[in-house]
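Every chain is numbered from 1, with letters handed out A, B, ... down the list of sequences.
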Amino acid sequence: MITKQLLEIQSHLQIAADTFEVVLKSPLAEELRPGQFVHIALKHHMLRRPVSVAGVDLEAGTFTVIFKIFGEGTRVLSTYQAGDQLDVILPCGTYYPIDQLDVKQALIVGGGIGVPPLYYLAKTLKEKGVEITSILGFQTKDQIFYEEKFQAIGDTYIATNDGSYGTQGFVTDIIEKVNPSFDYFFSCGPTPMLKAVSNQLAAHNGYISLEERMGCGVGTCYACVVPLKEDPQKSKKICKDGPVFKANEVILG
Amino acid sequence: MITKQLLEIQSHLQIAADTFEVVLKSPLAEELRPGQFVHIALKHHMLRRPVSVAGVDLEAGTFTVIFKIFGEGTRVLSTYQAGDQLDVILPCGTYYPIDQLDVKQALIVGGGIGVPPLYYLAKTLKEKGVEITSILGFQTKDQIFYEEKFQAIGDTYIATNDGSYGTQGFVTDIIEKVNPSFDYFFSCGPTPMLKAVSNQLAAHNGYISLEERMGCGVGTCYACVVPLKEDPQKSKKICKDGPVFKANEVILG
Amino acid sequence: MSLTTNLPGLSLKNPVMPASGCFGFGKEYSQFYDLSKLGAIIVKAATGEARYGNPTPRVAETASGMLNAIGLQNPGVKSIVDEELPFLRSFDTPVIANVAGSTVEEYVKVTKELNRSEDIAAIELNISCPNVKEGGVQFGTDPELAKEVTAQVKEASDYPVYVKLSPNVSNIVEMAKTVAEAGADGLSMINTLTGMQINLKQRKPIIANKTGGLSGPAIKPIAIRMIYEVRQAVDISIIGMGGIMTADDVLEFLLAGANAVAVGTANFQNPMACPEIIDALPAVLEKYGFSSVEEAIGKGHIG
Amino acid sequence: MSLTTNLPGLSLKNPVMPASGCFGFGKEYSQFYDLSKLGAIIVKAATGEARYGNPTPRVAETASGMLNAIGLQNPGVKSIVDEELPFLRSFDTPVIANVAGSTVEEYVKVTKELNRSEDIAAIELNISCPNVKEGGVQFGTDPELAKEVTAQVKEASDYPVYVKLSPNVSNIVEMAKTVAEAGADGLSMINTLTGMQINLKQRKPIIANKTGGLSGPAIKPIAIRMIYEVRQAVDISIIGMGGIMTADDVLEFLLAGANAVAVGTANFQNPMACPEIIDALPAVLEKYGFSSVEEAIGKGHIG
Ligand SMILES: Cc1cc2nc3c(=O)[nH]c(=O)nc-3n(C[C@H](O)[C@H](O)[C@H](O)COP(=O)(O)OP(=O)(O)OC[C@H]3O[C@@H](n4cnc5c(N)ncnc54)[C@H](O)[C@@H]3O)c2cc1C
Ligand SMILES: Cc1cc2nc3c(=O)[nH]c(=O)nc-3n(C[C@H](O)[C@H](O)[C@H](O)COP(=O)(O)OP(=O)(O)OC[C@H]3O[C@@H](n4cnc5c(N)ncnc54)[C@H](O)[C@@H]3O)c2cc1C
Ligand SMILES: Cc1cc2nc3c(=O)[nH]c(=O)nc-3n(C[C@H](O)[C@H](O)[C@H](O)COP(=O)(O)O)c2cc1C
Ligand SMILES: Cc1cc2nc3c(=O)[nH]c(=O)nc-3n(C[C@H](O)[C@H](O)[C@H](O)COP(=O)(O)O)c2cc1C
Ligand code: FES
Ligand code: FES
């Protein structure tokens with residue numbers, strides 16, 4: 001059941017350059033699945049901001065989101081503190097259908113703010129006994145977060161655009177070099193990255209998670225559509241039918 | 001010299017129903033004269049809010065304003081706390097020209113949020129040795145503030161619209177009953193009150209202080225004009241040529 | 001406190017309904033509350049065939065508002081009649097279908113197809129969508145075209161016809177008079193104002209369609225002005241909209257002359273916007289001295 | 001970082017000037033900073049004789065904007081030439097006079113009187129004031145009237161003529177083309193959109209004139225859209241305005257196609273708005289990869 005709730009911020013920490021990790025308490029935390037997002041309202045802003053779920057703590061009844069300052073809204077979000085309340089719609093969108101998949105080895109490919117939902121996914125897969133290889137791209141060294149957490153789950157490779165850490169270049173360079181074995185890949189990040197990864201791994205089964213500017217975030221306004229490969233005159237809504245899609249299902253812009 | 005300054009709130013107290021007294025520190029405090037106002041900016045609001053100076057503490061380098069919650073802006077102002085900063089333009093407008101007047105006995109007539117500037121005026125006059133009679137009108141008992149402070153300065157009479165305190169009725173009723181002796185009257189309050197008082201005391205010399213919705217607050221936009229008795233096609237700006245006018249100078253709307 | 005208000009074909013239990021395009025066909029928001037609470041529901045525009053709409057991005061945020069250029073994406077009138085509208089049967093609230101098209105023929109075709117449906121109580125004739133290349137806004141800015149399409153749709157429709165006016169005109173009163181004379185049962189106003197936002201990094205408009213329709217509180221003063229002016233010139237019913245966020249806003253629209261109101265953009269910020277506004281309305285009416293919604297309609301015209 | 005920009009008759013050291021009606025004749029804001037800092041100054045409208053203007057209240061606050069209905073109060077062109085403009089001589093910044101009137105004759109009379117002044121560099125022909133009963137906005141919404149008044153004022157003027165367009169029109173490009181063909185040296189856009197706010201307690205419009213002009217960030221998307229559209233259709237210079245609050249906003253207007261910009265309502269919220277924007281502009285241009293103001297003009301039109 002999707003609802004709107006006032007949630008209290010349990011902790012609010014800067015974890016990398018311009019990047020913040022926020023833990024929110026919610027009775028619905030346990031319902032949040034990897035790939036889903038929450039839709040956060042901001043005072044004096046007409047539109048909510050979609051942010052992916054980066055983890056759930058069942059015992060504490062909390063979930064985590066990680067965001068990077070991009071524009072005015074995320075800047076405002078960065079000024080909140082533990083104890084403040086956030087108006088949040090949750091759970092939003094679809095999730096990685098891992099229960100229906102027969103995965104033994106998973107390849108995780110993330111870029112920038114596409115990394116957070118993949119951490120929740122990777123952790124959940126690991127708990128199911130799946131072997132994980134993670135390849136993560138960041139712009140620069142100071143933007144990297146959660147490297148150790150990924151490392152605790154499986155082999156982890158980092159690329160930075162400027163070479164200030166790990167491999168210089170893109171996640172696709174690492175995929176080519178490392179040539180990991182996997183039966184499913186899961187990717188989230190900027191559209192150009194998703195396109196490159198989907199092309200590179202076209203022979204494999206995989207899921208990707210998309211971003212688009214949203215109006216409602218719940219499926220009523222048709223703001224966030226993505227055209228389908230089978231018929232480009234048809235589309236799906238990223239907020240409701242996504243953000244998770246089969247890698248070969250949609251046409252990336 | 002009029003300037004825009006960021007001023008720290010020294011104290012912020014509720015002193016009557018919906019009524020707050022705020023003390024602000026400013027290097028310009030000593031320049032603020034009775035009758036002048038300051039123009040306060042509010043985040044997320046296009047226009048500033050004009051509020052009269054209700055007192056100056058030369059030693060502390062502070063001044064006081066008193067405001068009542070009227071709409072959204074004053075409601076926001078009521079949520080500020082000591083230590084917060086306010087963006088203020090000051091000093092604004094003209095003042096009661098008491099240095100040029102030969103006053104021995106002054107009649108002070110105030111209504112509601114017209115009372116604050118008159119307290120500063122009455123106190124200043126008293127310090128010059130003027131004898132003060134104050135007649136103050138409020139809607140109800142719980143809205144009354146500064147009664148004791150006025151009493152410490154001179155004879156003080158209170159009217160309430162609903163009779164919950166003092167005389168039931170208007171300040172004009174008290175003026176008629178008490179028939180105080182004075183050589184100048186000074187009045188501030190809602191326009192209907194100013195009109196009634198000016199008419200009642202038409203035979204006397206007096207000064208009144210006006211309110212109007214303002215754009216700039218400094219004299220550039222022509223939002224706040226009041227027509228002149230000598231020629232209704234001519235006008236003066238309340239923010240710059242006022243808010244203090246001779247009682248018989250302007251046409252009250 | 002009576003909240004009822006009566007418009008041609010619409011006996012509403014309260015004056016608040018979601019605006020077209022901001023509520024889909026009701027399913028999503030029915031997860032948040034019981035839609036029977038609503039005065040009525042205006043559903044997303046229907047065109048003759050399914051439409052993909054514009055490329056993305058389709059929305060942008062502005063100061064106290066937003067831009068959208070959805071481009072009338074919808075599954076086509078047939079699918080709407082057969083697959084979307086029946087869902088709304090189970091709620092005790094009238095449904096208004098929004099009719100769009102690129103040609104007079106398409107408008108008429110959609111209207112006739114809607115006659116088939118027993119799930120609607122009225123149609124809203126959208127001659128004001130600024131986000132489609134053909135048709136759309138021209139019908140809303142050219143009095144001759146507006147007259148023609150209104151007359152033909154009125155002729156074709158079994159249901160009362162509310163014509164939705166575009167604010168992107170020099171003379172809103174002229175447009176209102178024209179469609180009233182052409183037979184409109186009511187007016188719906190206002191649609192969005194055409195606007196643009198430029199992405200400084202990308203050096204191009206954020207919205208892929210370049211321009212989009214401006215909605216939200218930013219445009220409320222324009223909506224109020226237009227309704228006020230039109231109320232003095234024509235006497236058919238008006239569904240008012242444009243920037244409504246609170247019950248105070250609803251009263252402002254009633255005072256200006258609206259007989260009912262629609263809430264658009266506010267739903268995105270707060271999915272509970274409509275029921276919260278409806279709950280708050282009685283106290284607001286009382287605070288300002290009204291004993292019913294009907295008493296307040298048009299009462300802002302003194303002095 | 002070069003901030004200069006050149007328009008007919010105006011070689012500006014930077015593109016930022018206060019907008020007409022939001023800066024009086026400069027005296028008050030000269031208390032806050034040295035007016036030489038400004039790219040130019042557009043002063044309050046001048047009419048043939050002194051005008052009282054509208055009754056008060058003349059302003060109201062709206063979401064991210066304000067309404068005003070000053071009604072062209074001014075001391076008359078003669079007094080402006082003799083008593084107001086000379087004050088601005090001491091500053092190193094060009095002055096643009098704003099010309100208003102109720103008839104073509106009055107516009108021409110004001111223009112001729114301004115020829116007498118050596119304190120101005122250009123005139124802005126205000127055919128778009130929505131707040132006066134006669135003239136004003138009709139000139140701005142009727143292409144024939146706009147053409148007539150532009151041609152006659154251009155003929156009468158010794159100075160370059162910038163025609164200030166009204167956004168309250170169905171077709172801004174048509175208006176821009178019309179006045180360009182009639183001889184305008186430049187365009188100034190946009191003026192305010194006509195709006196209204198109703199006082200719930202008093203049950204009547206807050207503004208005594210009932211309607212007022214909407215300005216501020218609320219209207220910025222409309223201004224950007226209109227400038228973008230006009231830039232593609234005519235090639236005379238544009239002074240852009242409507243909701244500018246920051247240096248980012250200035251860049252957005254430049255990208256849309258403005259050659260310079262004016263700042264109106266922002267002055268009221270922050271008397272230091274213009275100098276603060278000018279100080280912030282070089283860093284903003286650099287951040288988005290521009291090495292001068294001129295380089296950015298019209299650069300939002302790719303794709
Ligand atoms: C499903 C989904 C999940 C996301 N998860 C995360 C996450 O976990 N961490 C994170 O940092 N970011 C995430 N994003 C991106 C995040 O929503 C944007 O960075 C954010 O909305 C920018 O808002 P702003 O006010 O800072 O930027 P502004 O540019 O000021 O925002 C203006 C408008 O554009 C929208 N917008 C701008 N960029 C984006 C974008 N990339 N995607 C969607 N809307 C955008 C904003 O929501 C707002 O409506 C996600 C986006 C989507 C769609
Ligand atoms: C010279 C002067 C001195 C004043 N001194 C005081 C004082 O000492 N204490 C006090 O409580 N109030 C004072 N006022 C009135 C005070 O400015 C208004 O109560 C306040 O602006 C209301 O703002 P709001 O946001 O609460 O109301 P809203 O109605 O939400 O305000 C909307 C707009 O209307 C304007 N407005 C509404 N009412 C008034 C009004 N009466 N006068 C001017 N603008 C108004 C607001 O400034 C704002 O621009 C004074 C007004 C003036 C002109
Ligand atoms: C995302 C979006 C989609 C819209 N789609 C339609 C539509 O399909 N048909 C229509 O008549 N109006 C449509 N509108 C206009 C609204 O119904 C309404 O007239 C306008 O948004 C003003 O109201 P608001 O400020 O409350 O949003 C749409 C508005 C938005 C924001
Ligand atoms: C109080 C006020 C008075 C104005 N007076 C004039 C005027 O005399 N002549 C004119 O051409 N425009 C006038 N305008 C319009 C502005 O110059 C400007 O075009 C408009 O306000 C949009 O810019 P902004 O959003 O930055 O204020 C006035 C605007 C305001 C707010
Ligand atoms: S954001 Fe409204 S449908 Fe996806
Ligand atoms: S408020 Fe602008 S002149 Fe007085």
Begin from the C-alpha positions of C:Thr211 and D:Tyr228 and carry the test side-chain contact (heavy atoms from CB on, under 4.5 Å) through to its verdict. CA-CA 10 Å; C:Thr211 62; D:Tyr228 187 98; over 6 Å; no
Can D:Met226 and C:Met196 be said to form a side-chain contact (heavy atoms from CB on, under 4.5 Å), step by step? CA-CA 8 Å; D:Met226 291 188 163; C:Met196 178 186 283; over 6 Å; no
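Per-residue heavy-atom pair counts under 4.5 Å with chain D were compared for C:Ser170, C:Pro167, C:Gly195, and the maximum is reached by C:Ser170. Per-residue counts of heavy-atom pairs under 4.5 Å with chain C were compared for D:Glu229, D:Lys299, D:Arg225, D:Glu252; the largest is that of D:Arg225. Of the residues considered (C:Gly216, C:Pro221, C:Ala218, C:Ala60), C:Pro221 shows the highest number of contacts with chain D, using heavy-atom pairs under 4.5 Å. Ranked by heavy-atom pairs shorter than 4.5 Å toward chain C, the options D:Leu67, D:Leu200, D:Asn171 are led by D:Leu200.
Once rounded to the nearest 0.5 Å, the distance linking CD1 of C:Ile219 with OG1 of D:Thr62 reads 12.0 Å. Distance CG/D:Asn168 to CD1/C:Ile172: 11.0 Å, rounded to 0.5 Å.
Counting only heavy atoms from C-beta outward, the side chains of C:Ile198 and D:Ile224 approach each other to under 4.5 Å.
Residue C:Leu214 touches chain D through its side chain alone, counting heavy-atom pairs closer than 4.5 Å. Looking at D:Asp248, the atoms closer than 4.5 Å to chain C (heavy atoms on both sides) sit in the backbone and in the side chain alike. Only the backbone of C:Gln202 comes within contact range of chain D, with at least one heavy atom under 4.5 Å from a heavy atom of that chain.
Residues of residues 279-298 of chain C that come within less than 4.5 angstrom of chain D, heavy atom to heavy atom, are C:Tyr288, C:Gly289, C:Phe290 in numerical order. Residues of residues 253-270 of chain C placed with any heavy atom under 4.5 Å of a heavy atom in chain D are listed by number as C:Leu255, C:Ala256.
Contact record, C:Pro205 with D:Gly300: CD-O, 3.6 Å, taken as the closest heavy-atom pair.
Side chains of C:Ser64 and D:Ser64: a donor-acceptor N/O pair is present below 3.5 angstrom, by distance only.
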